[in-house]
Number of protein chains: 2
Amino acid sequence: MPRKHSAADAPLRLDNQICFAVYSAAHAFNRVYKPLLDRLGLTYPQYLVMLVLWERDDVPVKDIGEKLFLDSGTLTPLLKRLEAAHLVKRTRSSEDERQVLIALTPQGHALKDKARAVPQSILAASDCSVSELVAMKDEIVGLRDRLNAVIGE
Amino acid sequence: MPRKHSAADAPLRLDNQICFAVYSAAHAFNRVYKPLLDRLGLTYPQYLVMLVLWERDDVPVKDIGEKLFLDSGTLTPLLKRLEAAHLVKRTRSSEDERQVLIALTPQGHALKDKARAVPQSILAASDCSVSELVAMKDEIVGLRDRLNAVIGE
DNA sequence: TCACATTTAATTGTTCGCAATTGAATGTGC
DNA sequence: GCACATTCAATTGCGAACAATTAAATGTGA
């Protein structure tokens, strides 16, 4: 009896991969964010950096990297672009000259108000209750943290 | 009574963003996959293309793009790298000269056997039952599809 | 103090991801 | 048959993402 798919192949089928679900969902989010963030003059990773800075200002690059799981190879050019857009200022710490402190400019602070409209639009696009989203978020964060724990071995 | 965070800021807090959960989980997956895929000589997006081709061979670029939600700007150079690695062959369709058909080489087919070890390792790294992962995957796919539906408006 | 390791950011090179454009092939309406 | 739009891949340019390396500043132990 001929079969189209072998049962042994199930683990390799695209639709069975949770990683692809996550991967493609991340891209879908990016595409929904794009038109919203265009109005703010930000890309999605730049928006994440601004979220960090709106919570706490004047932090070293390393702190931003730890919160976003990104390294200096990604952040240095990104922060330079944010500086070129007059949203942040980069200054060497006087206590520790190795560190570069990232501070918001007045324009960077001001952008926060314009950004408040973004989460609402995303919520609408996800067509989902807040409690469902929170539950999902917690599950995904749990998975992420377990994966990250494996990496640091 | 002074507060560190205003309640009005809650929607902008990084840890409340499901998009960041998804974004950072995708990167965590990528980092777990990296050492496994290095042995196959593949990057993660290349692995996804190979998953598609292992299911069905000799398909136009467009079909791969629709399955992976990627366009020719991403796929053309990626497929050229897979061709340079002798894993696929790219040929213009004779019925429709606009299409480029992607077919696996013998080496491309053979790589499937080596790839079977990958999903097991990922499952172990996720430290989670299969049924939990399947449930999560379905939820995330549902969210992704709702987001994609909004984009096509 | 001085050799040594550690920390931190910057740099370089490769690979994605996508918008926008190009150009060739195909389909269509007249 | 012929103008026209559509489809498809390729190309270009920009912004991530990350590995690997570099270089400067700092910390540590003898």
Side-chain angles (χ1 to χ4, degrees), chain A residues 19-20 23-35 37-38 40-50 59-66 68-85 87-88 90-102 148 151, chain B residues 19-20 23-35 37-38 41-50 59-66 68-85 88 90-102 148 151:
Chain A
C19 63
F20 175 64
Y23 170 91
S24 54
H27 290 321
F29 265 119
N30 198 32
R31 287 189 280 265
V32 172
Y33 268 101
K34 179 118 197 353
L37 295 181
D38 277 349
L40 306 184
L42 295 173
T43 65
Y44 180 68
Q46 289 169 5
Y47 173 70
L48 291 180
V49 169
M50 294 302 285
V59 290
V61 174
K62 186 174 202 295
D63 284 22
I64 300 175
E66 275 169 5
L68 300 181
F69 305 98
L70 297 173
D71 68 2
S72 71
T74 301
L75 288 174
T76 296
L78 187 155
L79 290 166
K80 284 183 176 176
R81 283 187 280 272
L82 287 181
E83 189 174 42
L87 294 174
V88 306
R90 302 170 346 112
T91 48
R92 288 267 160 205
S93 165
S94 52
E95 292 114 52
D96 187 339
E97 293 270 342
R98 291 171 302 184
Q99 294 185 352
V100 169
L101 298 179
I102 308 298
N148 277 333
I151 295 163
Chain B
C19 61
F20 175 64
Y23 169 90
S24 54
H27 289 319
F29 266 118
N30 198 31
R31 287 189 280 266
V32 172
Y33 268 102
K34 179 116 196 356
L37 295 181
D38 277 350
L42 295 173
T43 65
Y44 181 66
Q46 289 169 5
Y47 173 68
L48 291 180
V49 169
M50 294 301 286
V59 290
V61 173
K62 187 176 202 294
D63 284 22
I64 300 175
E66 275 169 5
L68 300 181
F69 306 97
L70 297 172
D71 68 1
S72 71
T74 301
L75 289 175
T76 296
L78 187 156
L79 290 167
K80 284 184 177 177
R81 282 187 281 271
L82 287 181
E83 189 174 41
V88 307
R90 301 171 344 112
T91 48
R92 289 265 161 205
S93 164
S94 51
E95 291 114 53
D96 187 338
E97 293 271 343
R98 291 171 302 184
Q99 294 185 353
V100 168
L101 298 179
I102 308 298
N148 277 333
I151 295 163

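To find a chain, count down the sequence lines: A is the first, B the second, and so on, and within it residues start at 1. Predicted, not measured: the structure shown is a model, and the values here were computed from it.
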* **Derivation and outcome, ring-ring contact (aromatic ring centres under 6.0 Å, His included), residues B/Tyr23 and A/Tyr44** => CA-CA 10 Å; B/Tyr23 169 90; A/Tyr44 180 68; 5.4 Å; yes
* For the pair B/Asn148 (side chain) and B/Ile151 (backbone), establish whether a donor and an acceptor sit closer than 3.5 Å, ignoring hydrogens and angles. => no
* Structure fact -> Of all heavy-atom pairs linking B/Pro77 and B/Ser72, the shortest is CD-O, 3.9 Å
* **N or O in side chain of A/Arg90 less than 4.0 angstrom from C/dA10 OP1/OP2** => yes
* **Atom pair distance, as rounded to whole Å: CG in B/Leu82 and C1' in C/dC16** => 13 Å
* Distance-minimising heavy-atom pair for A/Leu75 and A/Val61 -> CD1-O, 3.9 Å
* Under a 4.5 Å cut-off applied to non-hydrogen side-chain atoms, are B/Val100 and B/Ile102 in contact? -> yes
* For residues A/Leu42 and A/Leu87, determine if any side-chain heavy atom of one lies less than 4.5 Å from a side-chain heavy atom of the other. => yes
* Nearest-Å distance for atom pair CG/P, residues A/Leu75 and C/dA9 -> 9 Å
* Asked: What's the CD-P distance between A/Gln99 and D/dG27, to the nearest Å?
  -> 10 Å
* To do: Produce a footprint string for nucleotides 2-7 of chain C: one letter per nucleotide, 5' end first; B if the base is under 4.0 Å from any protein heavy atom, S if only the sugar-phosphate is, - if neither.
  => -----B
* Asked: Between the side chain of B/Arg92 and the main-chain N/O of B/Glu97, is any donor-acceptor distance below 3.5 Å?
  -> yes
* Structure fact -> In whole angstroms, the gap separating P of C/dA24 from CD of B/Glu95 amounts to 22 Å
* If a protein heavy atom is under 4.0 Å from the base, mark B; if only from the sugar-phosphate, S; if neither, -; do that for nucleotides 13-20 of chain D going 5' to 3'. => --SSBBS-
* Asked: Roughly, in whole Å, what's the span from CG in B/Leu68 to P in C/dC18?
  -> 11 Å
* Find the distance B/Tyr47:OH to C/dC16:P and express it as a whole number of Å. => 16 Å
* Structure fact -> Of D/dT26, D/dT11, C/dT26, the nucleotide closest to the side chain of A/Asp96 is D/dT26
* Separation of D/dC8 C1' from B/Leu79 CG (nearest whole Å) -> 14 Å
* Whole-Å distance between D/dC8 P and B/Arg92 CZ? -> 13 Å
* With distance as the sole test, does B/Thr74 use its side chain to make a donor-acceptor pair with the main-chain N or O of B/Leu70 at under 3.5 Å? -> no
* **Donor-acceptor contact below 3.5 Å, side chain B/Thr43 vs main chain B/Gln46** => yes
